[in-house]
Undergrad: 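Would you mind keeping the following structure in view while I ask a few things?
Note that this is a predicted model, so its numbers are computed, not measured.
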Amino acid sequence: MSSSLDQRTAPAPEGSRPTPLPRRTRAYALPEVRWALAALGLFLLALPPYLLGGPAWLWGALFAGAYATGGWEPGREGLKALRERTLDVDLLMVVAALGAAAIGQVLDGALLIAIFATSGALEAVATARTADSVRGLLDLAPATATRLLADGAEETVDAGLLAVGDTVLVRPGERIGADGEVVGGASEVDQATITGEPLPVAKETGDEVFAGTVNGTGALRVRVGREPSDSVIARIVRMVEEASRTKAPTQLFIEKVEQRYSVSMVLATLAVFAVPLAFGDDLTSALLRAMTFMIVASPCAVVLSTMPPLLSAIANAGRHGVLAKSAVVMERLGQVDAVALDKTGTLTEGTPRLTDVRPLPGTGLDADALLRLAASAEHPSEHPLARAVVDAARERGLALAPADAFAATPGRGVTATVEGRRIELGSPARLLPDTHHARVHPHSDTRPAHPDTHAAHPEADHARVHPENDPAPLVRELEEAGSTAVAVLRDGEPVGVLGVADRLRPDAAATVAALTRLTGRAPVLLTGDNERAARRVAGRVGITDVRAGLLPEEKVAAVRAWEAEGRRVLVVGDGVNDAPALAAAHCGVAMGRAGSDLALETADAVVVRDELAAVPAVVALSRAAHRLVVQNLVIAGAFIAVLVAWDLFGTLPLPLGVAGHEGSTVLVGLNGLRLLRSTAWPRPARG
């Protein structure tokens, strides 16, 4: 999907035009972001005068503002939870921060408030952006369609008003308005948003087409087969929304025990205050002991045990081109034990490249001469295969000749006059009648061209092929190797064959091997492309489990089946058709360079530099962060246990309790920051 879409549409009453809305929610429009920015700004302003011994009224007022702005949102949510008879860590953090301030430790409390407010703001931004992209996906389907009436007249109607059985006209370059069946015409359709296929697919009478896909150079008449609300695009929107709602609540490690810890700490603090008071202790002494207990038992160090390692891992991953959208995501990445990979744009580069130039003997052409002729003829074409041929010629520094009388016919090929010779390029099955049997897949060998080509050159379907110069073996060899074969004819005689393929990423095999080592099982290939092409790519990278020809809902079903078996699945993809699976998986990673807007926003992490080898690297980094979290929890737990025991069974001076509490907080914080080092990034797999 193009990232140039800059509008989305809101639902409109039937028969009216949709109302354009801004496509993205501005981060500053979210209240969580405004409160967090205010808290963080006030905290940073208060820090210099506090550390440099400035006037207390100045840093005190600034810290108070940080408490108020950053603690407002979590405090409100905590009170709402309290009304529902639950005690969450947000409210406990606010209470602990206020308790720290009450005994003079305002810096500790303000730092805790700033961390919580910033974390909540990041989560709110991620949620809003995902919702924006889901709504923006509806822009893929056109707002209007050209409906053909029984008398042959045309009328422009809202695409949402099309009914099953209507016939629509899709002109060259238009998006198809509804799922249906071609009942007239021939063209090629770019349906990568639905199936992920890297090349446009030939469509003629009887073939199925999908709403939102892009028509090529021919005109199509399509009979509507599904209601607009039941189109594949609409179902993708629903699947992403449902998967986002039903996905298990994201929790950091410490939050899994927050309820019991929170209740236990509150009850224990009350007991530490009330029991000595009941046995005759004076009020001041009992209150001081209780306050000391609350400080040393507060979860500040425990919370900081989790956040610094994860945030450091996020920062380190970001420096190496991987954007993890939250600390929860970074934690979940290390938990995966199964991986599902998309093919086109993930294992492969997603762009056709010229792989072979095979001139036939006796033609007087070498590889460069054949490529120059082909590129000169293809130069006026906009087809992806034509661009691959022209780009290859330019990379070799070949000077292209002018092309005259250029013509293109959908599903057949191109014809042009180059240096006085008629050059034809296209499907071997159409241009070379003896190679019909060599066709591998109807999607992989079709080209756009002009409807008059066949009429002007009727001999083109009967190219003169001499037995000693038969291109059929070359065609079969290229197609069996996974390339799309393109026949080249000069004045009606074959002179060579070109091979074009979606090139495998150089680090694909090493990445698959690294993921296999990390998870204990080989990744699975999930793709909408055809079976043969999928198995060919899988065989080259070491994948044995291949699921091909899948629609988006079938990818989701596969992921949910694995999740039902207890697996934690990592899905790696890049297209609109991958978005539902990315949302449904335990963790989803999108490839950034060619990734669709929806995939980038739905995924939990984005490989910004488009390096596939970064996927196992960030999984390994997440596991390193988890090990540091466990270390920090042990350190924090040991400090809390010693200080609490001292306070309960002895007399712990308040300054010493605060020093011990602060010392444990600083210690676990510094330990977590170890992952900021460049050496902490695992060396990516190399091909």
Side-chain angles (χ1 to χ4, degrees), residues 126 130 133-134 193-196 236 239-244 246-248 250 322-326 328-348 350 505 508 511-512 514-516 518-519 521-529 534 537-538 541 543 545-548 550-592 594-607 610 612-619 622:
T130 300
S133 290
V134 171
T193 54
I194 303 298
T195 66
I236 289 176
M239 282 188 293
V240 172
E241 291 175 337
E242 290 169 5
S244 299
T246 59
K247 200 169 183 177
T250 55
V322 180
L323 171 63
K325 296 183 178 179
S326 70
V328 171
V329 169
M330 182 53 69
E331 185 186 45
R332 292 169 74 96
L333 280 166
Q335 298 170 349
V336 299
D337 56 13
V339 180
L341 299 170
D342 176 45
K343 182 180 79 68
T344 305
T346 301
L347 287 176
T348 67
R505 291 181 186 269
T511 296
V512 169
L515 290 171
T516 302
L518 285 169
T519 63
R521 54 169 59 92
V524 178
L525 183 61
L526 298 182
T527 178
D529 210 346
V537 169
V541 299
I543 294 178
D545 191 349
V546 177
R547 317 287 176 89
L550 301 183
L551 288 175
E553 57 262 37
E554 293 169 322
K555 290 187 177 183
V556 171
V559 171
R560 285 180 173 160
W562 291 321
E563 297 273 359
E565 295 173 1
R567 300 186 191 179
R568 294 176 174 178
V569 182
L570 169 66
V571 172
V572 186
D574 71 311
V576 168
N577 58 319
D578 300 317
L582 291 171
H586 182 75
C587 201
V589 175
M591 303 303 293
S596 68
D597 285 356
L598 184 65
L600 296 179
E601 298 294 353
T602 303
D604 301 299
V606 178
V607 182
D610 217 45
L612 187 60
V615 175
V618 76
V619 171
S622 172

Undergrad: Grab the two heavy atoms, one from Ala534 and one from Lys343, that are nearest each other, plus how far apart they are.
TA: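 Looks like CA-CD, 4.0 Å.
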Undergrad: Between the side chain of Arg505 and the main-chain N/O of Gly345, is any donor-acceptor distance below 3.5 Å?
TA: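 Present.
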Undergrad: Could you report the tightest heavy-atom contact between Val546 and Ala538, atom names first, then the distance?
TA: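 Nearest heavy atoms, Val546 then Ala538: CG2-CB, 3.4 Å.
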Undergrad: Might you work through the side-chain contact (heavy atoms from CB on, under 4.5 Å) test for Val589 and Val571, ending with a clear yes or no?
TA: CA-CA 6 Å; Val589 175; Val571 172; over 6 Å; no
Undergrad: Can you list everything that forms a side chain to side chain contact (heavy atoms under 4.5 Å, CB included) with Ser622? Sequence neighbours excluded, please.
TA: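 Testing Ser622 for side chain to side chain contact (heavy atoms under 4.5 Å, CB included), a comparison that skips the adjacent residues, returns Met330, Leu333.
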Undergrad: For the residue pair Gly573 and Leu582, what are the closest heavy atoms and their distance?
TA: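 Shortest heavy-atom contact: N-CD2, 4.1 Å.
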Undergrad: Would you compute the distance between atom CG of Leu612 and atom CE of Met591 and round it to the nearest 0.5 angstrom?
TA: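 So the CG of Leu612 and the CE of Met591 are separated by 5.0 Å.
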Undergrad: Say you draw a straight line from CD of Glu563 to NE2 of His586; how long is it, rounded to the nearest 0.5 Å?
TA: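 Interatomic distance, Glu563 CD to His586 NE2, rounded to 0.5 Å: 7.5 Å.
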Undergrad: Please report the C-alpha distance between Val524 and Leu341 in whole Å, then the side-chain angles of each, then the deciding distance to 0.1 Å, and finally whether the side-chain contact (heavy atoms from CB on, under 4.5 Å) criterion is met.
TA: CA-CA 6 Å; Val524 178; Leu341 299 170; over 6 Å; no
Undergrad: Under the criterion salt bridge (charged side-chain N to carboxylate O under 4.0 Å, His left out), I'd like the reasoning laid out for Asp578 against Lys555: C-alpha separation, chi angles, the key distance, then a yes or no.
TA: CA-CA 8 Å; Asp578 300 317; Lys555 290 187 177 183; 2.6 Å; yes
Undergrad: Between the side chain of Glu331 and the main-chain N/O of Val328, is any donor-acceptor distance below 3.5 Å?
TA: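 Checked: no pair found.
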Undergrad: Calculate, to the nearest 0.5 Å, the distance between atoms OG1 and CG belonging to Thr511 and Leu347 respectively.
TA: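 Result: 8.5 Å between the selected atoms.
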Undergrad: Give me the atom names and distance for the closest heavy-atom approach of Val556 to Ala584.
TA: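 Of all heavy-atom pairs spanning Val556 and Ala584, the closest is CG1-CB, 4.2 Å.
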Undergrad: According to salt bridge (Lys or Arg N to Asp or Glu O under 4.0 Å), who are the partners of Arg521, at least two apart in sequence or on a separate chain?
TA: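 None.
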Undergrad: Of the non-hydrogen atoms in Ala508 and Val541, which two are nearest, and what is the gap between them?
TA: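 Of all heavy-atom pairs spanning Ala508 and Val541, the closest is CB-CG1, 3.7 Å.
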Undergrad: If every non-hydrogen atom of Val569 is compared with every non-hydrogen atom of Ala585, which pair is closest and at what distance?
TA: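 Nearest heavy atoms, Val569 then Ala585: O-CB, 3.5 Å.
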Undergrad: Looking at CG of Leu570 and CZ of Arg332, how far apart are the two atoms once the value is rounded to the nearest 0.5 Å?
TA: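 One finds 11.0 Å between CG of Leu570 and CZ of Arg332.
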Undergrad: Can you check whether Leu518 reaches Asp337 side chain to side chain, under 4.5 Å on heavy atoms?
TA: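 No, their side chains stay 4.5 Å or more apart.
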Undergrad: Between Val607, Val329, Val322, which is the residue that forms a side chain to side chain contact (heavy atoms under 4.5 Å, CB included) with Val618?
TA: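 Exactly one pass, corresponding to Val322.
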Undergrad: Any heavy-atom pair between the side chains of Val615 and Leu515 that's under 4.5 Å?
TA: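 Yes - at least one pair of side-chain heavy atoms lies under 4.5 Å apart.
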Undergrad: Roughly how far, to the nearest 0.5 Å, is the OG1 atom of Thr348 from the CG atom of Asp342?
TA: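 Going from the CG atom of Asp342 to the OG1 atom of Thr348 covers 7.5 Å.
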Undergrad: Among all residues two or more places apart in sequence or in another chain, which pass the side chain to side chain contact (heavy atoms under 4.5 Å, CB included) test with Ala558?
TA: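 In terms of side chain to side chain contact (heavy atoms under 4.5 Å, CB included), with neighbours along the sequence ignored, Ala558 is linked to Leu526, Arg547, Trp562.
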